[in-house]
Protein chains: 2
Amino acid sequence: MGILRAVRFKDQAFQLREDAILNAATSTLAAKGFDLMTMDDVALAVGISKPSLYKHFKSKDDLVGEAMIRLIDGALVYLEQIPAELSPVERLRDLLAWALRVRLGGGLPLMPSTSAQVRTMLTSNLRYIRRVLKLNGVLEKIVQDAKARGELRPELPDTVILFSYYARTCDPTVDYLRMYAKMGDEEIVEHLLGVFFRGVCPST
Amino acid sequence: MGILRAVRFKDQAFQLREDAILNAATSTLAAKGFDLMTMDDVALAVGISKPSLYKHFKSKDDLVGEAMIRLIDGALVYLEQIPAELSPVERLRDLLAWALRVRLGGGLPLMPSTSAQVRTMLTSNLRYIRRVLKLNGVLEKIVQDAKARGELRPELPDTVILFSYYARTCDPTVDYLRMYAKMGDEEIVEHLLGVFFRGVCPST
DNA sequence: GTCTATAGCTGGATAGAC
DNA sequence: GTCTATCCAGCTATAGAC
């Protein structure tokens with residue numbers, strides 16, 4: 001039992017460090033992007049040496065994959081906790097607002113628009129794909145409910161709505177507005193939601 | 001005069017090769033992105049050797065910068081040629097449709113959402129910045145005209161409209177729809193325009 | 001101006017001591 | 001499990017022959 005507890009402690013410390021690594025990777029990724037993020041960057045941010053990283057993650061791709069998986073899991077958790085009173089489209093709006101706030105707070109975009117290499121790397125990560133498909137399933141259901149209630153334009157295919165929705169989580173408009181328009185975070189979120197749901201033209 | 005003509009011929013050949021290099025760089029960039037595109041790729045595609053590339057462009061950054069400049073110039077030329085009868089918002093729609101078709105045809109996104117390094121590289125390219133500012137000036141004017149006519153929602157700041165507009169030219173929705181929804185190019189363009197101008201919700 | 005060959009560097013990944 | 005030191009691949013960029 002003493003041994004068991006020691007093992008537990010060790011595992012706990014190991015787990016804590018792993019979280020610290022993932023946090024560092026996430027913020028570095030958000031700041032510099034995949035290619036400019038080096039394993040040295042992450043090791044330095046965590047305060048350990050590069051080879052120690054490789055005790056936790058067998059490659060850079062693996063590390064980034066885990067960070068993305070954790071993010072998707074965060075979205076799934078957030079979705080479950082949204083008040084049931086909200087209508088489908090209100091739920092979509094709420095989740096997107098959450099994702100944009102995460103990003104504005106230095107987190108990752110939910111979907112990596114980035115480079116072809118990142119996409120290739122992620123699409124060969126089966127665990128990541130499983131999570132994405134799960135999230136996609138949940139969102140597809142919400143979109144269909146919203147359509148059935150007339151909350152979404154019926155002539156738009158579900159795929160168009162869903163993919164446009166995902167793309168908003170990595171929309172560079174966020175960065176442009178912050179950098180060049182000096183706009184506050186909440187204002188940015190509101191405008192992005194407004195443009196996505198209502199468009200830029202007046203609803204005559 | 002014989003000499004002059006010889007020089008002219010040489011210049012012409014030089015110019016032709018330069019165009020070929022820019023074409024190769026453009027399509028390689030569109031296909032693989034900045035970091036995965038190597039100078040060897042471009043040299044191979046053009047059919048010359050790598051050092052010859054450096055006779056035309058002094059660095060990879062320079063080459064990519066010129067490709068982007070040529071793209072912006074293309075947009076400016078296209079804008080000038082749009083029929084004057086079109087209303088401001090119809091002009092915005094027409095130009096965006098053009099940009100999306102260029103991209104679907106294997107060209108570059110007008111604005112590089114890509115990585116931080118690309119943005120850093122381009123923002124330190126004065127000639128590129130000048131072109132972008134020029135294009136931005138023209139588009140800002142069109143947006144203001146459209147607003148004055150009530151063709152755009154008046155409560156949206158110009159910056160929100162403009163930056164959202166730019167972001168649509170590098171919207172990954174395009175790629176998602178092509179890859180996963182097997183949608184035709186024209187249909188993709190129509191849907192993207194529809195979502196941008198009218199939103200996903202019905203205009204009650 | 002074109003090539004072959006190579007310098008020089010960066011960054012992912014690992015060997016081996018402790 | 002952690003570190004120091006290092007390997008090695010791949011890439012940009014250039015030297016130098018023709």
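Protein chains get the first letters and strands the later ones, always in sequence-line order, with residue 1 at the start of each.
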| Check: B/Glu140 side chain, B/Gly137 main-chain N or O, donor-acceptor pair, under 3.5 Å | no

| query | Rounded to the nearest Å, what distance is computed from the CG atom of residue B/Asp35 to the C1' atom of nucleotide C/dT10? | reply | 14 Å

| request: List in chain and number order the residues that pass salt bridge (Lys or Arg N to Asp or Glu O under 4.0 Å) with B/Lys32, two or more places apart in sequence or in another chain; answer none if no residue qualifies. | output: B/Asp41

| message | Tell me whether the side-chain N/O atoms of B/Ser49 come closer than 4.0 Å to OP1 or OP2 in C/dT4. | response | no

| note | salt bridge (Lys or Arg N to Asp or Glu O under 4.0 Å) filter on B/Asp73, not counting sequence neighbours, yields B/Arg131

| query | Rounded to whole angstrom units, what separation is found between the NZ atom of B/Lys32 and the P atom of D/dG10? | reply | 12 Å

Anything under 3.5 Å between a donor and an acceptor, one on a side chain of residues 42-52 of chain A, the other on a protein residue two or more places apart or in another chain? List them.
from: A/Ser49; atom 1: OG; to: A/Ser52; atom 2: OG; distance (Å): 3.4
from: A/Lys50; atom 1: NZ; to: A/Asp40; atom 2: OD2; distance (Å): 3.3

| task | Grab the CG-P distance between A/Leu53 and C/dG11 for me, whole Å please. | result | 15 Å

| Gap between atoms CD1 and P, on A/Ile21 and D/dG1 respectively (whole Å) | 12 Å

| query | For B/Thr38, which contact category applies under a 4.0 Å heavy-atom criterion: base, sugar-phosphate, or nothing? | reply | sugar-phosphate

| said: Rounded to whole Å, please give me the gap between CG in B/Asp62 and P in D/dT12. | reply: 14 Å

| remark: Winner on side-chain proximity to B/Arg17, out of C/dT2, C/dC3, D/dC3, is C/dT2

| remark: Protein heavy-atom contacts under 4.0 Å, written 5' to 3' over nucleotides 13-18 of chain C as B (base), S (sugar-phosphate only) or - (none), form the string BBB---

| For A/Phe34, is the NZ or CZ atom of A/Lys60 found under 6.0 angstrom from the centre of its six-membered ring and inside 45 degrees of the ring axis? | yes

| field | Separation of atom CG in B/Asp40 from atom P in D/dT12, rounded to whole Å | value | 7 Å

| note | Those residues at least two apart in sequence (or on a different chain) that pass side chain to side chain contact (heavy atoms under 4.5 Å, CB included) with B/Glu186 are B/Arg101

| said: Which residues pass the side-chain hydrogen bond (donor to acceptor under 3.5 Å, both in side chains) test with B/Asp62, not counting sequence neighbours? | reply: none

| message | I need the CD-P distance between B/Gln117 and C/dG11, as an integer number of Å. | response | 10 Å

| said: Rounding to an integer number of Å, can you tell me how far B/Phe34 CZ sits from D/dC11 P? | reply: 13 Å

